[in-house]
K.L.:
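Let me give you the structure first, and then I'll get to my questions.
Atoms within each ligand, like the ligands themselves, are counted from 1 in listed order. Basis for what follows: all heavy atoms, side chains included, without hydrogens, waters or symmetry-related copies.
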Amino acid sequence: MRLRNVKGSRETIAQNEYVIHDETTRKGTWKEIFGNDNPIHIEIGMGKGRFIMDMARLHPEINYVGIEKYSSVLVRAIEKQTEEALPNVKFIRMEAEGIEEVFAPGEVGYIYLNFSDPWPKDRHAKRRLTSRQFLARYGNILAADGGVTFKTDNRDLFDFSVEEIEAAGWKKDIVTYDLHHSAYAEGNVMTEYEERFSSMGNPICMVKTHP
Ligand code: SAH
């Protein structure tokens, strides 16, 4: 995501009713935050929020939490949500590494990772959101029937991710190297990056996995 300093984005975020600020004190209380017992699904590295807003509109019976580390990007999602005021969408501005401080064991029903940063250098492998280190964190917050879906057009990152899933002993439910021309294309909700990269002709890879 382009790192442009959007003027006033920190202030916008600080005041916004859809952003959960004291996230580390909210562990175990997400049902109360939404005021219902619906499952909580999260997208880590949400970007400008198109995917999560589309999902939330399609699935009002699910609560969505979008996680994004950069204010300048998050502020775009906030703009969309301030207009629409979907009751089942909240945001957190945070670095995903601390995810276990924010959600209790079993509190998260499902995790989406879309077009995550590749961190191409070997020594940065553990920063990739599909590394075994991150999978272990996800395993500690996912519900018993929970799982993770990861989409990317980056074949190197995808191959790495499949290896990490195997090394972690997770089960692969679906693996496709060309989602848009596969049996799973129907009902696929596109992300901002997905639209951009697939329109350039890049095949989209997807894996669905669970611990
Ligand atoms: N999911 C969106 C954006 C993809 S770009 C889409 O598919 O269109 C990846 C996004 O993840 C960027 O906005 C980046 O800031 C965010 N991100 C990357 N690593 C992160 C981390 N460790 N914690 C939180 N957000 C992260």
Side-chain angles (χ1 to χ4, degrees), residues 1-6 9-10 12-13 18-21 23-24 26 40-58 64-81 89-103 108 110-121 123-138 140-141 148-158 160-161 164 176 179-180 184-185 187-200 202-208:
M1 195 56 73
R2 202 147 57 99
L3 280 186
R4 192 155 42 91
N5 191 23
V6 176
S9 58
R10 276 187 186 274
T12 305
I13 289 165
Y18 302 109
V19 181
I20 303 303
H21 299 285
E23 68 270 4
T24 54
R26 302 303 191 104
I40 314 270
H41 293 190
I42 69 177
E43 183 187 6
I44 304 181
M46 163 190 69
K48 296 179 187 171
R50 166 175 159 182
F51 173 82
I52 211 164
M53 295 294 289
D54 286 351
M55 291 293 280
R57 238 178 274 114
L58 283 170
Y64 291 89
V65 180
I67 293 172
E68 171 54 51
K69 68 177 168 186
Y70 287 123
S71 315
S72 56
V73 188
L74 174 59
V75 77
R76 300 301 171 212
I78 291 174
E79 283 166 7
K80 293 189 182 90
Q81 169 65 342
V89 175
K90 302 280 185 215
F91 305 119
I92 310 173
R93 196 196 66 73
M94 66 175 281
E95 160 57 53
E97 216 175 284
I99 198 84
E100 293 155 289
E101 313 308 318
V102 175
F103 296 99
V108 174
Y110 209 82
I111 299 176
Y112 293 95
L113 306 171
N114 294 317
F115 296 81
S116 309
D117 294 357
W119 292 105
K121 293 191 177 121
R123 68 170 193 278
H124 290 148
K126 62 177 185 297
R127 298 188 190 174
R128 300 176 193 147
L129 292 182
T130 50
S131 65
R132 61 195 72 190
Q133 291 84 354
F134 270 99
L135 291 174
R137 294 179 184 116
Y138 305 152
N140 289 334
I141 60 171
V148 174
T149 295
F150 170 55
K151 292 196 281 189
T152 185
D153 68 322
N154 183 319
R155 185 59 191 266
D156 288 343
L157 178 62
F158 192 72
F160 166 85
S161 304
E164 293 295 279
T176 170
L179 171 62
H180 294 181
Y184 313 107
N188 176 51
V189 173
M190 285 227 255
T191 79
E192 251 135 8
Y193 273 47
E194 184 172 359
E195 177 142 309
R196 190 188 308 169
F197 293 128
S198 62
S199 73
M200 290 163 55
N202 299 3
I204 305 301
C205 302
M206 181 184 78
V207 55
K208 281 187 186 287

K.L.:
So, Glu194 and Asn114: side-chain donor and acceptor under 3.5 Å apart, yes or no?
P.N.:
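Looking only at side-chain atoms, Asn114 and Glu194 do not form any donor-acceptor pair under 3.5 Å.
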K.L.:
Is there a donor in the side chain of Tyr70 and an acceptor in the side chain of Ser9, or the other way round, less than 3.5 Å apart?
P.N.:
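Absent: no donor and acceptor within the cut-off.
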K.L.:
Which option out of Glu68, Arg76, Glu195 puts a heavy atom nearest to atom 14 (C) of ligand 1?
P.N.:
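When every heavy atom of Glu68, Arg76, Glu195 is considered, Glu68 comes closest to atom 14 (C) of ligand 1.
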K.L.:
Going by heavy atoms in the side chains, are Lys151 and Phe115 under 4.5 Å from each other?
P.N.:
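SC-SC contact between Lys151 and Phe115 confirmed.
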K.L.:
Just jot down the ligand 1 atoms closer than 4.0 angstrom to any heavy atom of Thr191, in number order.
P.N.:
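Per the distance check, 6 (C), 7 (O), 8 (O).
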K.L.:
Show which atoms of ligand 1 fall inside a sub-4.0 Å distance from at least one heavy-atom site of Glu192.
P.N.:
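Matching atoms, with element in brackets: 8 (O).
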K.L.:
With Ser116 as reference, evaluate Tyr193, Phe150, Phe134 under the side chain to side chain contact (heavy atoms under 4.5 Å, CB included) test and give the passing residue.
P.N.:
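So, applying the side chain to side chain contact (heavy atoms under 4.5 Å, CB included) to Ser116 and each of Tyr193, Phe150, Phe134, only Phe150 qualifies.
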K.L.:
List every atom of ligand 1 that sits less than 4.0 Å from any heavy atom of Tyr70, numbering the atoms from 1 in the order shown and giving each element.
P.N.:
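Near Tyr70, meaning under 4.0 Å from one of its heavy atoms, ligand 1 has 15 (O).
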K.L.:
Between Glu23 and Arg93, is any pair of side-chain heavy atoms under 4.5 Å apart?
P.N.:
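Not in contact.
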K.L.:
Is it true that Glu43 lies under 4.0 Å from ligand 1, counting heavy atoms only?
P.N.:
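Yes, that is the case, since the closest heavy atom of the residue is under 4.0 Å from the ligand.
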K.L.:
So is Arg50 touching ligand 1 or not, going by heavy atoms under 4.0 Å?
P.N.:
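No, Arg50 has no heavy atoms under 4.0 Å from ligand 1.
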K.L.:
Give a yes/no on ligand 1: does Glu194 have at least one heavy atom closer than 4.0 angstrom to it?
P.N.:
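Not so, Glu194 does not reach ligand 1.
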K.L.:
When you measure from atom 24 (C) of ligand 1 to each heavy atom in Lys48, Met94, Arg93, Glu97, which option holds the nearest one?
P.N.:
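When every heavy atom of Lys48, Met94, Arg93, Glu97 is considered, Met94 comes closest to atom 24 (C) of ligand 1.
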K.L.:
Which atoms of ligand 1 sit under 4.0 Å from any heavy atom of Ala96?
P.N.:
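So the atoms of ligand 1 that pass are 21 (C), 22 (N), 23 (N), 24 (C).
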K.L.:
Do Ile42 and Ile99 make a side-chain contact, defined as non-hydrogen atoms from C-beta onward lying under 4.5 Å apart?
P.N.:
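Yes; the side chains approach each other to less than 4.5 Å.
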K.L.:
Could you check which of Met46, Lys69, Met190 puts a non-hydrogen atom nearest to atom 19 (N) of ligand 1?
P.N.:
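Minimum heavy-atom distance to atom 19 (N) of ligand 1 goes to Lys69.
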K.L.:
Quick one: which ligand 1 atoms are inside 4.0 Å of a heavy atom on Asn114?
P.N.:
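Here the atoms of ligand 1 in question are 1 (N), 2 (C), 4 (C), 7 (O).
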K.L.:
Are any of the N/O atoms in Ile67 less than 3.5 Å from those in ligand 1?
P.N.:
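No, since none of the N or O atoms of Ile67 sits under 3.5 Å from an N or O of ligand 1.
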K.L.:
Should you measure from each heavy atom of Asp117, which atoms of ligand 1 turn up under 4.0 Å away?
P.N.:
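Answer, ordered by atom number: 9 (C), 18 (C), 19 (N).
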K.L.:
Does this structure show an ion pair linking Glu195 with Arg50, if we count only N-O contacts that are shorter than 4.0 Å?
P.N.:
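Looking at Arg50 together with Glu195, the answer is yes, because their closest N to O distance falls below 4.0 Å.
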K.L.:
Just by distance, do the side chain of Asn154 and the backbone of Asp156 share a donor-acceptor pair under 3.5 Å?
P.N.:
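At least one qualifying donor-acceptor pair exists.
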K.L.:
Could you tell me whether Phe115 and ligand 1 have an N or O pair separated by under 3.5 Å?
P.N.:
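No, there is no polar N/O contact under 3.5 Å.
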K.L.:
Please verify the inter-ring angle class for Trp119 with His124; under 30° counts as parallel, over 60° as perpendicular, anything in between as tilted.
P.N.:
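Perpendicular: the ring planes of Trp119 and His124 meet at over 60°.
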